Amino acid sequence: ETLEEKVFFNREENIMNTLLFLLVFPLNATAYFIPGTPTWYPLYKDGHKGELLDGKWKFGFDEDLIDAINADFNAVPTTNETFVPSTVDAAPPGYYGKRGASYYSRTVNLCVNKSYSLQFMGCAFYCKAWLDGELLGENLAGGYAPWTVPLPSGVSGNKSLIVLADNRFNDTTAPLHTGGDFWHYGGLVRSVVLKSWPSGEACISRALFFPYQDEHGVWYVNVNVSLTEPLDTITTVYLDWDTLTSYAVIFEDGYGVISHVEAPASAKVWSIDDPQLIIVSVFTKSGGVSERFGLRIWGTKKVGNATRLTLNGQVLKLHGWNHHTQWPHTGMSPTEPQLDEDIGLLARAGTNYVRGAHYPQDQRWLDRLDELGVAMWEEALGPEVKKSNIQDPYFMQAQIQQIDQMVNASANHPSIMAFGYFNEGPSTDADACPGYEACTNRIQALDPTRFITWASNKKDKDVCYQFATLISFNNYPGWYTSENPTDSWNDYASWVNSNYPDKPFVISETGAGGIYEWNNYTSVKWSLNYQTQVILEDVQVALKNSMISGITLWHFFDFKGNDDAQAYGPCDYLPDYYPPVCTYINSTQKRPGGENHKGVIDYWRRPKPSFDAVATIYRNWSSPLSSKVGGKLF
């Protein structure tokens, strides 16, 4: 086939496969969402309202603003327009995106006798907001976890809302943006929500469901409920789950618990094969939310001498990919069709497991994984964290705040199998382990039902594993080393099984690079043939070895590298073709064309040969392990 035919066919094939998939698995049905309200869960009920502030905002940008911490609301004029959400520094690989201070402004109409808060689903890196010139607050806890700030009481009428988003690396304003081999996007990259409720009254703000089973197999949930106001009070809370039930809940600082709620007999269990989802309304007399969750238990079980990961008591072999939040043109602010296209490609590839690298995820993306029945690893931002970071109280305060924001936003997603942190961190140094312990303790206090882990490239030299409930290795045999993938992964699986016999083991990163246009019959480094050979060996050993519970290949698609990688510049593109095609690329560079080329599809979502090769194995894989009894449950 000609180059032109290949470009056209692959793009059209992706779109058609996605459309066919969505006919079978309709995702995120818009009938659930009222226009102008958030298109993710929870839904808002009665007096508790959520209004999307998405759309046109006034905009200004200043790359030379020196002191964002002390900058005032009028430091940068907003004389232009932009759309929210959007990515201020979206640019193709090989090109720098702009870095500096972005100012956004718009008018919000506030009603008498209403209380309000603002929720920023993603404001990167450093975020600060003002209402009519009065500072509302600032967020230092990374740009990709939801941040909520209350509005002053008693305000009404048309008010000026101004937001600063600074996407420059800085230890003071952005302590958690420590680096990593990917482009850190900035701006109001996700939606902004204006929440309201009747003044002087308290609505349910969130209800987080934590399922468990008793010894007879009966399902129950503990429900952590929070109010829209930080009150110490006893309030009647209603829970509508087949039948309407009321509870007298004791709230301290706006937080309370409804314990030991028995699930109705009609409630179905969420699993990878049958992802049943449950919607329950939780509210006071003034209003509340409708939350969506699933009955599920992640746990472990001994199979022979190996500890294996289980879902609802059934041993699983998880297989899939790492997945960045990165798209052509929209950067970190994907449209609904873009989300659906990637979900369709993952489904076509036989995926049952995704690792969300390397930051808290878009809630719309997690909703889709819930619906598809795909296990998910979500992690806090923080690749390339150093011991000096972990020993810095300023950094750790922001890190714990980020964990709070991530877990509280995502706890109801049944797809979340693990929460992670500190990708490839300093875990060979025992002095860093207290920071790992603090993160693990915080996650367990918020959500005791998930695995806790980090992707360790220190492997058998890591000294902090006592604080992980799931052991995870990053390693690239056959790519960065001359190791044989089969021998390497078999050896590491045996080491984990010998040294941590009660903890399951997954491969968190492995793979090889392949340049999309390098489509010939040689098997040299960077060729598509070589990439396919290495990846297939990684996949086959992971699926066959009974001591390995799962694998996420690095990476699903080629993606834009970090700031340093953009210094290489783009490849030489064929004129007048879209998606773009490289006619020459310098493969001696660490990141040719400013990209990480380890995807099985390219940056523009065109499949490489490795995509179909792995998809065939994933789709046809079936584990003989299917026992549903015994084992340890979280």
Side-chain angles (χ1 to χ4, degrees), residues 125 139-147 171 174-180 184 208 210 224 298 300 309 322 355-361 366 376-411 413 416-459 461-474 496 500 502-506 508-509 552 634:
F125 305 168
N139 185 46
L140 298 159
Y144 308 135
W147 169 55
D171 290 342
L176 302 184
H177 289 262
T178 49
H184 290 232
L208 305 181
F210 300 101
N224 290 0
W298 297 101
T300 62
L309 182 151
N322 287 267
R355 176 179 173 227
H358 289 301
Y359 31 74
Q361 298 290 292
L366 296 179
M376 177 69 185
W377 162 337
E378 186 178 24
E379 66 187 38
L381 176 68
E384 294 191 4
V385 168
K386 299 177 176 61
K387 183 178 75 171
S388 58
N389 298 128
I390 293 176
Q391 293 181 329
D392 180 358
Y394 185 79
F395 173 91
M396 285 303 297
Q397 181 181 7
Q399 170 71 359
I400 296 302
Q401 181 183 341
Q402 178 192 202
I403 285 173
D404 288 357
Q405 293 170 345
M406 175 182 71
V407 174
N408 287 329
S410 299
H413 291 286
I416 300 290
M417 177 273 295
F419 285 118
Y421 55 86
F422 294 165
N423 175 71
E424 298 187 350
S427 51
T428 54
D429 193 325
D431 291 340
C433 291
Y436 286 75
E437 181 182 18
C439 292
T440 289
N441 288 345
R442 189 60 179 176
I443 294 171
Q444 286 180 329
L446 295 168
D447 183 349
T449 70
R450 265 73 181 218
F451 289 101
I452 301 173
T453 191
W454 57 89
S456 177
N457 63 343
K458 309 306 186 292
K459 303 180 285 289
K461 303 300 189 293
D462 195 307
V463 297
C464 300
Y465 286 137
Q466 68 266 37
F467 303 117
T469 59
L470 173 69
I471 306 295
S472 313
F473 283 6
N474 289 359
V496 173
Y500 296 93
D502 295 327
K503 298 182 181 185
F505 171 58
V506 296
S508 42
E509 288 183 26
T552 42
F634 289 115

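Quick note: numbers below take in every heavy atom, side chains included, and nothing from hydrogens, waters or symmetry partners. Quick caveat, the model's predicted, so the values are computed rather than measured.
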Flag, side chain of [X] to backbone of [Y], donor-acceptor distance under 3.5 Å:
{"X": "Lys461", "Y": "Lys459", "result": "no"}
{"X": "Thr469", "Y": "Phe451", "result": "no"}
{"X": "His184", "Y": "Gly179", "result": "yes"}

Can you name the nearest heavy-atom pair linking [X] to [Y], along with the distance?
{"X": "Ser456", "Y": "Asp462", "answer": "OG-OD2, 2.8 Å"}
{"X": "Glu379", "Y": "Gly356", "answer": "CG-O, 3.6 Å"}
{"X": "Cys433", "Y": "Val463", "answer": "SG-O, 3.6 Å"}
{"X": "Leu309", "Y": "Met417", "answer": "CD1-SD, 3.7 Å"}
{"X": "Asn322", "Y": "Ala357", "answer": "OD1-CB, 4.2 Å"}
{"X": "Ile390", "Y": "Ala432", "answer": "CG2-O, 3.6 Å"}

Are His177 and Tyr144 an aromatic pair by the rule of ring centers under 6.0 Å?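 Between Tyr144 and His177, which both carry aromatic rings, the centre distance is below 6.0 Å.
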Greater than 12 external heavy atoms within 6.0 Å of Asp171's CG: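 Incorrect, the count does not exceed 12.
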Counting only heavy atoms not in Gln397, do more than 12 fall under 6.0 Å of its CD?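 Counting neighbours around CD of Gln397, 12 or fewer heavy atoms of other residues, nucleotides or ligands fall under 6.0 Å, so no.
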Rounded to the nearest 0.5 Å, how far does [atom2] of [Y] lie from [atom1] of [X]?
{"X": "Thr453", "Y": "Leu470", "atom1": "OG1", "atom2": "CG", "value": "4.0 Å"}
{"X": "Thr428", "Y": "Lys458", "atom1": "OG1", "atom2": "NZ", "value": "6.0 Å"}
{"X": "Phe467", "Y": "Cys439", "atom1": "CZ", "atom2": "SG", "value": "11.0 Å"}
{"X": "Gln391", "Y": "Asp431", "atom1": "CD", "atom2": "CG", "value": "5.5 Å"}
{"X": "Ile403", "Y": "Asn408", "atom1": "CD1", "atom2": "CG", "value": "11.5 Å"}
{"X": "Lys387", "Y": "Asp392", "atom1": "NZ", "atom2": "CG", "value": "13.5 Å"}

Using the rule given for side-chain contact (heavy atoms from CB on, under 4.5 Å), can you reason through Arg355 versus Asn423, listing the C-alpha separation, both sets of side-chain angles and the distance that settles it, and then say yes or no? CA-CA 12 Å; Arg355 176 179 173 227; Asn423 175 71; 2.8 Å; yes
Are the side chains of [X] and [Y] in touch, meaning some heavy atoms are under 4.5 Å apart?
{"X": "Arg450", "Y": "Val407", "answer": "no"}
{"X": "Pro383", "Y": "Leu381", "answer": "yes"}
{"X": "Asp502", "Y": "Thr300", "answer": "no"}
{"X": "Thr552", "Y": "Val506", "answer": "no"}
{"X": "Thr440", "Y": "Tyr421", "answer": "yes"}
{"X": "Gln361", "Y": "His413", "answer": "no"}
{"X": "Glu509", "Y": "Ser472", "answer": "no"}
{"X": "Leu140", "Y": "Tyr394", "answer": "yes"}

Ring pair (Phe, Tyr, Trp, His ring centres under 6.0 Å), paired with Trp454, selected from Phe422, Tyr436, Phe473: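 Result: among Phe422, Tyr436, Phe473, Tyr436 is the only option passing the ring pair (Phe, Tyr, Trp, His ring centres under 6.0 Å) with Trp454.
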Show your working on side chain to side chain donor-acceptor pair (under 3.5 Å) between Tyr465 and Ser427 and close with a plain yes or no. CA-CA 9 Å; Tyr465 286 137; Ser427 51; over 6 Å; no
Could you walk me through whether Thr178 and Lys386 satisfy the side-chain contact (heavy atoms from CB on, under 4.5 Å) test, starting with their C-alpha distance in whole Å, then the side-chain angles of each, then the deciding distance to 0.1 Å, before giving a yes or no? CA-CA 8 Å; Thr178 49; Lys386 299 177 176 61; over 6 Å; no
If you measure only the distance, is there a donor-acceptor pair under 3.5 Å linking the side chains of Glu424 and Asn474?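 Indeed, the side chains of Glu424 and Asn474 share at least one donor-acceptor pair under 3.5 Å.
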Distance-only polar pair, side chains of Gln399 and Gln402, donor-acceptor under 3.5 Å: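 Yes, a side-chain donor-acceptor pair sits under 3.5 Å.
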Would you please name every residue forming a side-chain hydrogen bond (donor to acceptor under 3.5 Å, both in side chains) with Asp404, sequence neighbours left out?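 By the side-chain hydrogen bond (donor to acceptor under 3.5 Å, both in side chains) rule, Asp404 matches Arg442.
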